[in-house]
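First the proteins, then the strands, lettered A, B, ... as listed; each starts at 1. Quick caveat: nothing in here was measured; it's all calculated off a predicted structure.
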Amino acid sequence: MNTALPTIDLYAVMPQIVLVSAATVVLIVGLFERFRKGSPYLSLLLLAVSGVVAVNQLGRGPVAFSDVSPMMVMDDFSLVATLVFIAGALLTVLISISYAEARSIDRGEYYALLIYAVSGMSMMAASTDLFTFFLGLEVLSISLYVLIGFEQRDAGSNEGALKYFLLGAFASGFILYGMALLYGASGSTEYEVIAKTLGAERSDTVNLLLLGGLGLLLVGIGFKISMVPFHAWTPDVYQGAPTPVAAFLSTGSKAAAFVVLIRLLGSVFPGLQMEWIPLISVLAVLTIAVGNVVALVQTNLKRLLAYSSIAHAGYMLLPLMAVSPDSQDGSASIVFYLIVYTAMNVGAFGVLAVLAARGAPCATLDDLAGLGSRRPLVAAVMAVVMFSLAGIPPTAGFMAKFYLFRALVYGGYVELAVIGLLFSGVSLYYYLRVVVYMYMRSAVDAPAEAPAEAAGRLSYSGMTALCLSALALLAVGVFPSELLQLAERAVMTLP
Amino acid sequence: MSELPFLSLIIWLPVVGAVLLLFVKGDTAARWVGFGVSALVLVFFAVCFGAFKAHMGEPQFVERMPWIESLGVSYHVGADGISILLAGITALMWPLALLGTWTIVSERVRAYQVFMLLMETTLMGVFFSLDLFLFFLFWEGMLIPMYFLIGIWGYENSARAALKFFLFAVFGSLLMLAAVITLAFLHHQVHDVLTFEMAALYQLSIPPEVQFWLALAFIAAFAVKVPMVPFHTWLPDAIVLAVVLVKMAAYGFIRLTLPLFPDALTELAPLMCAVAAAGIVYGALIALAQSDIRRMIAYSTISHAGFVVLGVFALNQHGIQGAVVHIVSLALSTGGLFLAAMMLVQRRNTWDMKAYGGLWHTIPVFSAFLLVFTLASVGLPGLSSFVGEFLILVGVFQQNILIAAVAATGIILAAVYMLRMYRKVVFGPLTKEENRGIRDLSFRETAVLACMTLFIIWIGVYPNPFLRTMEASVQKLLVQTHRLAEAPPAGMNAAPASVESLPMPADPTGPGELSGPAVPAGPDANSEISQDTR
């Protein structure tokens, strides 16, 4: 008996390897007090390197990690997703620098954990096996638990971390249980085998197991993307977490969960479409409704953004219905939306982080009053981001929404598209309220804190990130072609 | 076809100006840049207008390049007779408005100029777009500059007004967006081609019941902005831009609703006419009760907008030509009225009619101009509004006498509220001491108002050039709407001679052309467009 070891292609996991090593290097270098100040810049460099590695592998066709059981596949889809995560992390690092200094949390671990989280997300994106999916998920989650509670002296930060940890642990439990059921039904953790089981004749028991497994997976993933009714943690955690971490949480971890969802629902569970389409459509509409309606009455900015991110998760759930083996429009529109959404949300949280780093209070809408005349550039960035979140041309947010609702209409779900569009009209109210406060109200108690704030120049790194995201939003809003093609290419390799 | 991409220049020059303004220091310099750029646009437009061939119904100066290929969207602009007139009045009004508000806007001058220029771009874009997606982009993008213009430089309660306007407008547009996507989808289903070309979408035959809903979605978007009763409640708070919006929304009706949904119109057009007529009377009656000049102008705009919609949905040559002329004249008369009122308010700081009186003695030049604009709004023969209102009523009479009769009362009411306002403000004894030392118009202000007066009289006395410019285009539009049933009416004394001299097709198909998607102009239209683009 010759038990040949399976051939392993390290090339397939190159971006993950680079990311994990990068994080480790940052962690070690951060231990030395004299290099501590350098760790954000080192992280920027190493993230950029891993980005280059990923770009380099684009378009080479799917490469499986191992030929016996693929575990992970490096295809355009996972590469594009990885690039989105890296871009989000780069922006997060940029807005973190001055914020972390101001809150004295500028330690090497902070940046290392951020990069570990990216590697976990990248793993999730590339996984074609329940094991690797779970592995990536846990790497991501554990990094996030620590990052959310990174401001040890801040009660809110601790509260957020505990909340996210408790609920996250439950979510992981649900996912594991679901995986167990799926394994029971198909005898394998491989996506491909599970999909085959679905395609074949199946007994009632198997059917029940599969359904139960999918349901439990959806609960766990729903928690990560803050889908109603698993969204309740979102505002508290975003409010408590350090602002750059909230930015990362609302973009990266959500994007990773969506990427997994596309793979699972699009290529593993199309056989159960009859069952999950009604479920997802109801939950998506609920998510949109709850997010948008509750956001209307928020006065705390981070909570407002939290509910807005819930609503956006709802929009992104909609095109999942339109995903079918013969049309990848739906998946492409989600990928495009994720890219744009990352730029928008990092921009919005970034404004808060950059202002907070200078000691300016920016917790509530009132704190933004008169920002248009005090900080014209920051206010302009915020305005662009708000218009983009609201989906008004010529910003990328409009293109993303257009592309998304188009996929929905082409998939035959006109009613859902109309519901989604109407709720996005509702959302205008709270996005514009931010703009109203910035430009059309003068600060009431301005004299008290104006001098101190005016003295501080905003950090270059933070402003770079803000300007980059605002310019990107405008550029993509006017010339979306390249990015659309990228999104379309990304989903082409999906089975 | 021409050496320079004129339309793109007209559309994008203001953006260049806006970017330039970011590097300009000082209020006066900013004013000059804003005015200079919009004047330059006017010059380009004049050149363009000079080269325009009025006998062609097809879009001219066409530019087309691929833009977002994976969605089938192209950058496709062109001007036909209708769009060139509306763009023309925009190009004319912009430098005048900037000059007129030279000192009225005294805070955040630079930002004001930036947003005004950005709005000019989006307006021109709306008028020249031949691609539905492009149209929607400009249409929706316009909300941003408008929102800031209302919110920052509006009058009291402006932030709330801006928000209200935005929400109203967006709900309408979002429904339209759904309809736009659906249209492209239907086209894709039938022809397997991804496109948002208006010309291609016109040829689409859509089941009537689907048409009905799509038409409603489009109408919702336009009706909010016209504004039609009952979607008008944002207007009195945000009057600043009313005239601009009427122009755009009516253009939307003409360019999209009519040719896209011919079957739905048989049901919807009478309804729209009735609502429009009701709006005319409603707006006029409320205007009658106002003592605030601004609110009176706002409600009179609602009333006038009713005329425009009425003309459009009369669905005949006179109605549509009248509507377009009326839009142009509204920009001049209502725009002039509002500008003059702003100049007065700048001096006295109140909109209340009762605070004035006896101005004839102190500021005669101003009073004379105000008289012209007032009479123009009333519809005095010889001034611009008369031509538009007359043509509209002629058009409507051919459709429905009752509605025309109701609408005509609006003109009478307009005379009542307008002249009442004029009497209170200008005539009578000079009772208020504050009005004694009031300054008359400066040279700059006189020049602006004189320029508008000139056009008001020109259109009123000799409207032929304007009517001739759009004749061929309106005819083509009506062919697309499959409704060229009206015979040229004889004996129109006040109406322009050119209407009679125009080569009306001799009604070859008779009333039968209503049935089925007969596309007489279809293949021709397409081939000519594609020739243009080569």
Side-chain angles (χ1 to χ4, degrees), chain A residues 329 332 336 372-373 376 380 383-384 386-387 390-395 398-399 401-412 414-433 435-437 439-441 477-489, chain B residues 15 22 66-73 107-108 110-111 118 121-122 125 133-134 136-144 147-148 150-154 158-164 166-186 188-189 194 210 213 217:
Chain A
D329 262 6
F336 185 71
S373 44
V384 170
M386 287 297 136
F387 280 116
I392 304 292
T395 58
F398 169 74
M399 285 295 169
K401 265 199 187 128
F402 175 81
Y403 196 45
L404 189 139
F405 287 115
R406 172 179 167 276
L408 213 52
V409 170
Y410 278 37
V414 183
E415 310 83 1
L416 285 177
V418 171
I419 294 174
L421 281 170
L422 287 181
F423 271 109
S424 90
V426 172
S427 75
L428 264 173
Y429 176 77
Y430 58 85
Y431 292 129
L432 285 187
R433 225 147 63 103
V435 181
V436 166
Y437 272 83
Y439 286 97
M440 297 161 205
R441 294 227 177 149
V478 182
F479 301 106
S481 247
E482 307 291 315
L483 212 55
L484 278 175
Q485 276 161 10
L486 186 73
E488 272 164 16
R489 218 175 74 186
Chain B
V15 172
L22 296 180
W67 178 29
I68 313 174
E69 282 172 60
S70 48
L71 297 181
V73 176
E107 46 180 312
R108 299 202 231 180
R110 199 166 59 147
L118 289 182
T121 284
T122 51
F133 187 85
L134 193 64
F136 188 83
L137 271 190
F138 283 122
W139 173 270
E140 194 77 339
M142 176 174 326
L143 292 178
I144 296 178
Y147 169 70
F148 283 108
I150 298 176
I152 300 181
W153 294 276
S158 56
R160 214 178 132 262
L163 198 58
K164 195 163 154 191
F166 209 112
L167 289 177
F168 262 83
V170 159
F171 272 107
S173 316
L174 287 175
L175 290 175
M176 180 165 91
L177 178 61
V180 167
I181 298 174
T182 311
L183 270 176
F185 171 62
L186 291 173
H188 182 64
Q189 263 191 335
L194 272 176
V210 179
W213 289 107

What's the shortest heavy-atom distance between [X] and [Y], and which atoms?
X: B:S70; Y: A:R406; result: O-NH2, 4.1 Å
X: B:L137; Y: A:P393; result: CD2-CB, 3.2 Å
X: A:V435; Y: B:Y147; result: CG1-CE2, 3.7 Å

Between A:F402 and B:F133, is a ring pair (Phe, Tyr, Trp, His ring centres under 6.0 Å) present by the stated rule, with each step listed? CA-CA 10 Å; A:F402 175 81; B:F133 187 85; 4.5 Å; yes
Answer whether the closest heavy-atom distance between the side chains of B:I144 and A:F387 falls below 4.5 Å. yes
Under a 4.5 Å heavy-atom cut-off, does chain B meet the side chain of A:S424, its backbone, both or neither? both
Side chain / backbone / both / neither for A:Y439 at chain B, heavy atoms under 4.5 Å: both
Given that the side chain runs from C-beta out, which part of [X] has a heavy atom under 4.5 Å from chain A: side chain, backbone, both or neither?
X: B:L163; answer: side chain
X: B:A111; answer: neither
X: B:L167; answer: side chain

Best-contacting candidate, [options], against chain B by heavy atom pairs under 4.5 angstrom:
options: A:V409, A:L432, A:V436; answer: A:L432
options: A:V426, A:T395, A:L421; answer: A:L421
options: A:K401, A:M399, A:Q485; answer: A:M399

Fit a plane to each ring of B:H188 and A:Y410, take the angle between them on a 0 to 90° scale, and name the class: parallel (under 30°), tilted (30 to 60°) or perpendicular (over 60°). parallel
When you look at B:I181 and A:F405, which way does the side chain to side chain contact (heavy atoms under 4.5 Å, CB included) test go after all the steps? CA-CA 8 Å; B:I181 298 174; A:F405 287 115; 4.1 Å; yes
Separation between CG (A:L428) and CG (B:L174), nearest 0.5 Å, reads 7.0 Å
Hey, mind stepping through B:W67 and A:F479 against side chain to side chain contact (heavy atoms under 4.5 Å, CB included) and telling me if it holds? CA-CA 8 Å; B:W67 178 29; A:F479 301 106; 3.9 Å; yes
Of all residues at least two apart in sequence or in a different chain, which pass the ring pair (Phe, Tyr, Trp, His ring centres under 6.0 Å) check with A:Y431? none
Show your reasoning for whether side chain to side chain contact (heavy atoms under 4.5 Å, CB included) applies to B:F166 and A:I392. CA-CA 11 Å; B:F166 209 112; A:I392 304 292; 3.8 Å; yes
